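Heads up: the structure comes next, in structure tokens.
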Amino acid sequence: MGKLEGKVAVITGGSSGLALESAKRFVEEGAYVFITGRRRQEVLDDAVKLIGRNVSGVRGDAANLDDLDHLFDTVQKQKGKIDILFASAGKGEAAVLGEITEQHFDREFGLIVRGTLFTAQKALPLINDGGSIILTGSVASVKGFPGFGVYAASKAALRSFARTWLNELKGRKIRVNVLGPGPPIATRCRKEFSPRRRRRCSNP
Ligand SMILES: NC(=O)c1ccc[n+]([C@@H]2O[C@H](COP(=O)([O-])OP(=O)(O)OC[C@H]3O[C@@H](n4cnc5c(N)ncnc54)[C@H](OP(=O)(O)O)[C@@H]3O)[C@@H](O)[C@H]2O)c1
């Protein structure tokens with residue numbers, strides 16, 4: 001029997017990369033997973049095929065509150081609960097101090113900080129007591145990689161959220177953890193894309 005037998009997991013950004021590998025492993029361990037992707041329906045469909053069983057793909061932008069409502073309505077209707085929320089949708093765009101635009105700042109904080117916050121808040125009524133929230137941070141939040149100041153600050157905010165949320169949620173025994181991957185993780189994006197497209201996959 002797997003470690004996650006009977007559990008329901010929601011994994012944002014689960015259509016590729018680290019989160020897809022996690023979704024595969026969750027299913028191998030017995031969970032049912034909902035994975036999301038924002039733009040590329042064919043990538044989401046491929047991911048669902050690759051996982052093969054106990055999976056639903058829900059297209060939606062983790063930075064868009066209506067899309068999050070749609071995601072959690074779908075989970076509510078199909079499974080009625082969440083045991084594991086894995087908020088992983090994120091994208092590292094580079095811009096050095098002096099060249100940072102409002103749009104760059106709003107995109108990074110809009111997805112990683114605002115999007116993650118509302119993902120957790122909207123999921124909360126469905127999360128079982130004793131459940132688990134996992135946020136994908138980055139070593140960038142503590143390393144000071146040149147060009148990734150806004151991304152790093154947004155990932156640092158996740159560590160701060162986690163410290164507050166675990167105190168707020170301890171009465172329900174909901175755990176909150178932040179993963180801190182280090183670059184470069186050899187995701188599908190990095191392995192399969194041309195060098196030019198790979199530069200767009202610049203999550204450090
Ligand atoms: N790879 C690394 O070396 C590394 C290092 C440190 C931290 N991280 C963090 O780990 C997480 C995954 O990184 P990765 O490199 O594995 O990513 P990836 O291969 O680029 O995959 C990102 C996934 O997230 C989805 N996505 C992007 N924006 C989204 C949005 N607004 N709403 C919903 N889904 C969205 C993408 O789907 P669509 O394209 O369809 O939108 C894609 O499925 C990110 O939070 C990243 O910051 C990665």
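Because the structure is predicted, anything quoted here is derived from the model rather than measured.
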In this structure, CG of D73 is separated from CG of L126 (nearest 0.5 Å) by 9.0 Å

Check: Would you say the side-chain atoms of K143 pair up with the backbone N or O of A152, donor to acceptor, closer than 3.5 Å?
Finding: no

### Evaluation steps, side chain to side chain contact (heavy atoms under 4.5 Å, CB included), between F26 and N54
CA-CA 10 Å; F26 279 26; N54 293 338; over 6 Å; no

Next on the checklist: Contact between L135 and T116 at the side-chain level, heavy atoms closer than 4.5 Å - yes or no?
Outcome noted: yes

In terms of heavy-atom contacts, K122 and D69 come closest through NZ-OD1, 2.8 Å

*asked:* Quick check: is L158 connected to V142 through a chain of hydrophobic side chains (ILVMFWY, heavy atoms under 4.5 Å apart)?
replied: no

Report task. Using a 4.5 Å cut-off on heavy atoms from C-beta on, say whether the side chain of R59 contacts that of L44. Result -> yes

Check whether any side-chain heavy atom of F86 lies under 4.5 Å from a side-chain heavy atom of I133, and answer yes or no. no

query = Do I84 and V10 come close enough that some side-chain heavy atom pair is under 4.5 Å?
reply = no

CG of L166 to OG1 of T164, rounded to nearest 0.5 Å, is 8.0 Å

| query | Hey, does the side chain of N128 reach the backbone of G130 with a donor-acceptor pair shorter than 3.5 angstrom? | reply | no

Report yes if some heavy atom in the side chain of I51 is under 4.5 Å from a heavy atom in the side chain of I35; otherwise report no.
-> yes

inquiry  = Check this for me, if you would: do E29 and R25 make a salt bridge, where the nitrogen-to-carboxylate-oxygen distance has to be below 4.0 angstrom?
reply    = yes

Answer yes or no: is there an ion pair linking D129 with K173, defined by an N-O contact shorter than 4.0 Å? no

Test item: R172 side-chain N/O and I127 main-chain N/O as donor-acceptor pair under 3.5 Å
yes

Q.
Tell me whether E42 at atom CD has more than 12 heavy atoms from other residues, nucleotides or ligands lying less than 6.0 Å away.
A. yes

Rounded to the nearest 0.5 angstrom, the CZ-CH2 distance for R175 and W165 is 16.0 Å

Closest non-hydrogen atoms of G37 and S15, given as atom of the first, atom of the second and distance, are CA-OG, 3.7 Å

Value for OG1 (T36) from NE2 (H70), rounded to nearest 0.5 Å, stands at 10.5 Å

OG (S132) and CG (D83) are apart, to the nearest 0.5 Å, by 9.5 Å

ask   = Does a donor on one side chain and an acceptor on the other come within less than 3.5 Å for S56 and Y32?
value = yes

Across all chains, not counting sequence neighbours, the side chain to side chain donor-acceptor pair (under 3.5 Å) partners of T74 are none

Minimal heavy-atom distance between S141 and S138, with the atoms involved, is OG-O, 2.8 Å

**OP:** Report yes if some heavy atom in the side chain of R40 is under 4.5 Å from a heavy atom in the side chain of S16; otherwise report no.
**Re:** yes

Notebook entry, point to check: Taking C-beta and beyond as the side chain, do L124 and Q121 meet within less than 4.5 Å on heavy atoms?
Noted result: no

So the ring pair (Phe, Tyr, Trp, His ring centres under 6.0 Å) pairs with at least one residue in residues 109-136 (sequence neighbours excluded) are F105-F109

key: F34 and K79: CA distance, side-chain angles, deciding distance, side chain to side chain contact (heavy atoms under 4.5 Å, CB included) verdict   = CA-CA 10 Å; F34 291 83; K79 293 289 175 187; 3.6 Å; yes

dist D67:CG -> T12:OG1 (nearest 0.5 Å) comes out at 12.0 Å

Next on the checklist: So does G60 get a backbone contact from the side chain of N64, meaning a donor-acceptor N/O pair under 3.5 Å?
Outcome noted: no

Nearest heavy-atom contact between G13 and A19 is O-CB, 3.4 Å

| NZ (K170) with more than 12 external heavy atoms under 6.0 Å | no

| query | When clusters are formed by joining ILVMFWY residues with side-chain heavy atoms under 4.5 Å apart, either directly or through shared neighbours, do V150 and L97 land in the same one? | reply | yes

Tightest non-hydrogen contact, residues V178 and R159, listed as CG2-CA, 4.0 Å

*asked:* For Y151 and F148, take the angle between the two ring planes, folded into 0 to 90°, and tell me which bin it lands in: parallel under 30, tilted 30 to 60, perpendicular over 60.
replied: perpendicular

_Is there a side-chain contact between T119 and L71 in this structure, where contact means two heavy atoms from C-beta onward sitting under 4.5 Å apart?_
no

A47 and L20 have their tightest heavy-atom pair at CB-CD1, 3.8 Å

Let me see the working for E28 and L4 under side chain to side chain contact (heavy atoms under 4.5 Å, CB included), right down to the final yes or no. CA-CA 9 Å; E28 283 163 22; L4 300 178; over 6 Å; no

